[in-house]
Novice: 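Below is one structure. I have some questions about it.
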Amino acid sequence: MLKPAAFALLLVLASCSSPGPKISAHDAWARESGTAGSIAAYLTVENKGAADELVGVRSSLGMAMLHESSMDGGIMRMRPVDPSEGLMVPSNGKLLLGPGGSHVMITGLKKPLHAGDNLGLTLLFRNSKPQHVSVSVRPAAQ
Amino acid sequence: MKKLRIVLWVLVAAALAVAGILYLNRPQPRPAVQSTATQVSFGGPFTLVDSKGESFSSSKLAGRPYAIFFGFTHCPDVCPTTLAKLVKLRRQLGSDDAFRIVFVTVDPERDGPREVGQYAGLFGAPVIGLTGSPEQIAKVKKDYGIYSEKVGSGDTYTVDHTATVLLFDKNQKFQSTIAPDETDAAALAKLKRLIGV
């Protein structure tokens, strides 16, 4: 009598557990670009599910890569993020890309970007579908 | 009784001696700027090139305090962030004339007069952009205790560099530094001291 009910209960419980990541990205911004044709874009990735990794990024306006600035005794260094590692988006948490830390570096811009412009980015994750986000370009002195 | 009193006074003298030694050996703060030799002071006269391609002598900076930051225009994150921060803090002090902001490139190969001029002009406030020959830049870096190293190759190399801001008073004497990760409040206090507020 009890066995099928217990089995059914187990099935229901099993289907409720191990949800995937639930990713969304927002608050994407960048400063105006100079003649160098490169900018850094910053954004927030939120995850309401299991942990995931941001492993890459694409932009139609130039070559986009994930970079990390780090400081070492007053010396600033910038390095690409290893695509096989990516950046961790914690379970039920956030990944913040901000000034002085991880950021999206876009190079090879054919035209400078001015305050008020927007550019589209596609974020690539290890376990989730790509996310599109619109980056709003702000004045440099912000 | 007398012997005990002598012993006690000897102990007092010994304690005072130990305290004195500890005080003289108290830990000293480390300087914030990285350098290979122990540079006690930074600065000195320099000749570089301004955004119009004309020779720029450091003597032009006398008469007003200034903040010097070394970076490169292909730096999309730390350099604009630092210059924007300096512009913002200067606004908080009330006037663009409070102190000068000087940007010197550590990447003269890519950053000529036009590049540093355009970069300095991004912030909507007076910023002096300077470049120079590789020899001129190397000399300024050395005198100012600045490290930089090209990393990568081709067109898209990055440059590791000291990102500390150096503050000089109106007599062109080195006064203090602002570290890249210093809070706005701490940086503002140093700038206030720099301009004599």
Side-chain angles (χ1 to χ4, degrees), chain A residues 28-43 57 59 61-81 96-117 119 121 135 137-142, chain B residues 30-35 70-88 90-91 105 107 110-112 114-125 127 129 145-149 151-152 155-165 177-182:
Chain A
W29 66 280
R31 291 202 178 86
E32 304 171 285
S33 68
T35 55
S38 53
I39 58 158
Y42 310 108
L43 49 100
V57 63
S59 162
L61 290 182
M63 157 97 162
M65 282 184 69
L66 291 171
H67 274 242
E68 257 168 333
S69 299
S70 64
M71 209 190 24
D72 158 24
I75 299 171
M76 273 308 221
R77 304 178 199 274
M78 190 180 68
R79 294 288 182 271
V81 170
L96 285 163
L97 276 65
S102 313
H103 54 276
V104 176
M105 170 138 159
I106 305 162
T107 54
L109 293 170
K110 303 227 171 27
K111 287 183 308 169
L113 288 168
H114 302 295
D117 289 344
L119 75 138
L121 283 182
V135 179
V137 180
R138 298 182 185 170
Q142 255 190 31
Chain B
R30 280 185 308 126
V33 179
Q34 195 85 337
S35 59
F70 293 78
F72 61 110
T73 72
H74 279 69
C75 165
D77 176 37
V78 170
C79 303
T81 302
T82 307
L83 287 169
K85 177 162 139 176
L86 286 172
V87 166
K88 178 181 81 173
R90 186 171 63 181
R91 281 204 184 117
T105 183
D107 184 16
R110 286 186 299 198
D111 294 343
R114 187 179 90 92
E115 285 73 29
V116 295
Q118 205 269 0
Y119 199 75
L122 279 177
F123 302 90
V127 173
I146 299 295
Y147 164 86
S148 82
E149 190 182 335
V151 175
D155 229 359
T156 55
Y157 60 85
T158 184
V159 184
D160 291 353
H161 63 95
T162 308
T164 313
V165 175
T177 64
I178 297 177
D181 55 354
E182 210 153 336

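The sequence lines fix the lettering, A, B, ..., with proteins before strands; numbering per chain opens at 1.
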Novice: Most heavy-atom pairs under 4.5 angstrom with chain A, which of B:G71, B:P80, B:G124, B:G121?
Specialist: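 Most heavy-atom pairs under 4.5 Å with chain A: B:P80.
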Novice: Under 4.5 Å heavy-atom distance to chain B, tell me which part of A:M71 shows up: side chain, backbone, both or neither.
Specialist: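 It is the side chain, since no backbone atom gets that close.
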Novice: Looking at B:H161, B:K85, B:E115, which makes the most heavy-atom pairs under 4.5 Å with chain A?
Specialist: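 Ranked by heavy-atom pairs under 4.5 Å with chain A, first place is B:H161.
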Novice: Give the minimum heavy-atom separation between B:P180 and A:G74, together with the two atoms involved.
Specialist: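 Of all heavy-atom pairs spanning B:P180 and A:G74, the closest is CG-O, 4.3 Å.
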Novice: Quick one, A:R79 with B:T158, criterion side chain to side chain contact (heavy atoms under 4.5 Å, CB included). Give me CA distance, side-chain angles, the key distance, then yes/no.
Specialist: CA-CA 8 Å; A:R79 294 288 182 271; B:T158 184; 4.1 Å; yes
Novice: For residues B:D77 and A:G98, report the shortest heavy-atom separation together with the two atoms involved.
Specialist: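 Minimum heavy-atom separation between B:D77 and A:G98: OD1-O, 4.4 Å.
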Novice: If contact means a heavy atom pair closer than 4.5 Å, which residues of residues 103-113 of chain A contact chain B?
Specialist: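 Contacts with chain B: A:H103, A:M105.
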Novice: Between B:Q118 and A:T35, which heavy-atom pair has the shortest distance, and what is it?
Specialist: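 Reported closest heavy-atom pair: OE1-N, 3.1 Å.
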Novice: Kindly give the heavy-atom pair with the smallest separation between B:L122 and A:E32, and that separation in Å.
Specialist: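 Between these two residues, the closest heavy atoms are O-OE1, 3.6 Å.
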Novice: Taking B:V87, B:T82, B:V78 one by one, which has the highest count of heavy-atom pairs under 4.5 Å against chain A?
Specialist: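 Most heavy-atom pairs under 4.5 Å with chain A: B:V78.
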Novice: A:S102: which residues meet the side chain to side chain contact (heavy atoms under 4.5 Å, CB included) condition with it, sequence neighbours left out?
Specialist: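 Partners of A:S102 by the side chain to side chain contact (heavy atoms under 4.5 Å, CB included) criterion, ordered by chain and then number, come out as A:E68, A:L87, A:L97.
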Novice: For B:A84 versus A:A141, what's the shortest heavy-atom pair and its separation?
Specialist: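 Closest heavy-atom pair between B:A84 and A:A141: CB-CA, 3.9 Å.
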Novice: Going by atom types alone, do A:R31 and B:T81 pair a side-chain donor with an acceptor below 3.5 Å?
Specialist: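 On atom types as modelled, these side chains qualify, holding a pair under 3.5 Å.
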Novice: If you measure from CG on B:D160 to CE on A:M78, what distance do you get to the nearest 0.5 Å?
Specialist: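 The CE atom of A:M78 is 9.0 Å from CG of B:D160, to the nearest 0.5 Å.
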Novice: Against chain A, work out which of B:V151, B:T156, B:D155 has the most heavy-atom pairs shorter than 4.5 Å and name it.
Specialist: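 Top count of heavy-atom pairs under 4.5 Å with chain A: B:V151.
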Novice: Under 4.5 Å heavy-atom distance to chain B, tell me which part of A:P99 shows up: side chain, backbone, both or neither.
Specialist: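 Contact with chain B: backbone and side chain both.
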Novice: Counting only heavy atoms closer than 4.5 Å, note whether B:R91 contacts chain A via side chain, backbone, both or neither.
Specialist: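 Side chain only.
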